[in-house]
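These numbers come from a predicted model, not from an experiment.
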Amino acid sequence: MAYCNPSSDQKLDEMASMEVGSDKDVKVHVFSSLSELIEKLHEKWSPVKKKPYPAMYSSVFGGIILDPAMMVIPIDDHMVHRGHGVFDTAVILDGYLYELDAHLDRFLRSASKARITLPFPRSTLRSILVQLTAASQCKEGTLRYWLSAGPGNFLLSPAKCPTSAFYAVVIADVVSQCKNGVKVITSTIPMKAPQFATMKNVNYLPNVLSIMEAEDKGAYASVWVDDDGFIAEGPNVNVAFITNDKELIFPSFDRILSGCTAKRLLELAPKLVKQGRLKSVKTANLTVMEAKGAAEIMYIGSTLPILPIIMWDEQPIGDGKVGELTMALSDLLWHDMVAGPNTHRICVPY
């Protein structure tokens with residue numbers, strides 16, 4: 001049996017007394033009209049000169065919203081209170097959407113795994129996303145979109161939700177190459193089981209805790225290791241390695257999220273093999289020891305698109321500097337983003 005010492009009891013009593021006393025001074029406002037509520041919502045955004053979210057689409061409203069104060073979703077949406085939702089993204093660069101179709105295909109695979117039916121056909125979803133980007137007038141940033149089981153109640157089962165819901169937001173942001181290296185750690189937060197790791201669902205609590213753990217240790221982010229001791233992924237990025245023999249290796253995608261940008265890099269990297277700069281490009285299982293012994297390591301993700309890793313668990317990677325081949329791959333991918341084929345870049349009709 002555990003006992004509290006008298007000083008602890010006294011502190012608890014004082015805290016309880018303070019809470020009870022403060023309750024008497026709290027007067028919760030009741031909004032008497034819709035116009036009053038809207039005015040309150042606008043107070044947050046009125047001092048902001050450049051809105052970070054220039055446009056949102058909501059299937060609940062059935063259209064595009066340009067007022068950030070109105071960019072809300074229902075609290076009884078099952079994505080909010082049950083985490084029953086999936087999402088994906090695409091980069092907006094120079095007025096083009098990069099790899100939208102690849103991301104949209106993965107989005108539909110995630111929806112199928114999460115057993116969420118589409119409110120519209122794929123072609124309609126794609127058209128909405130392109131029109132949303134055009135309406136935003138944003139030429140650089142990200143397009144993020146979600147599919148949820150929908151609003152309707154607070155039950156565990158979505159069976160009585162009238163329909164699924166589709167949301168999307170354009171986020172104005174700077175997209176550029178990362179040329180400075182970062183420090184990472186091995187995460188101690190358990191990673192998702194393959195069934196959930198291979199779908200891009202909204203349950204990102206393990207990812208959040210993994211990032212916070214890294215930040216607590218002065219690192220940028222972390223790397224997950226699976227139950228078999230093989231390298232998996234970062235909290236919201238893929239990771240790749242260049243060995244001392246100049247082999248570019250990606251961890252196998254069978255138990256982690258299949259990164260659209262990583263897969264595109266797999267298609268582009270053989271160009272460096274033809275130039276004799278890389279020996280080979282492949283996916284394989286890597287142990288922690290093998291991974292830390294790599295000459296170069298990098299994160300790969302849509303908004304990075306490549307971020308060099310120069311230190312891992314306080315151990316320098318290679319010579320502890322940004323690698324030449326990492327930057328060569330970064331240049332290759334960046335060129336694809338700004339001047340690649342139309343099959344991978346959609347010109348937005350602003």
For [X], does the [atom1] atom sit with more than 12 other heavy atoms under 6.0 Å from it, leaving out its own atoms?
X: F253; atom1: CZ; result: yes
X: E215; atom1: CD; result: yes
X: K246; atom1: NZ; result: no

**Report entry** Y167-F61 aromatic ring centre distance below 6.0 Å
**Finding:** no
Query raised in the report: For the rings on F87 and Y145, is their centre-to-centre separation under 6.0 Å?
Result: no
Query - Parallel, tilted or perpendicular: ring planes of W45 versus Y53, cut at 30 and 60 degrees - result: perpendicular
Report task. Give me the ring orientation class for F166 and Y57: parallel if the planes are under 30° apart, tilted from 30 to 60°, perpendicular past 60°. Result ->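 Taking Y57 first and then F166, their aromatic rings sit tilted (interplane angle of 30° to 60°).
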Is the closest side-chain donor-acceptor distance between [X] and [Y] under 3.5 Å?
X: E39; Y: S35; result: no
X: N153; Y: H78; result: yes
X: D331; Y: Q177; result: yes
X: H42; Y: D67; result: yes
X: S210; Y: S187; result: yes
X: S222; Y: E213; result: no

Query - Worked verdict on R122 versus D101 for salt bridge (charged side-chain N to carboxylate O under 4.0 Å, His left out) - result: CA-CA 10 Å; R122 182 193 187 280; D101 287 311; 3.2 Å; yes
**Report entry** Result of checking K263, R345, H344 against E99 for side chain to side chain donor-acceptor pair (under 3.5 Å)
**Finding:**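 One option only clears the test, and that one is H344.
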Query raised in the report: Is the side chain of K192 donor-acceptor paired with the backbone N or O of N203 at a distance under 3.5 Å, no angle test?
Result: yes
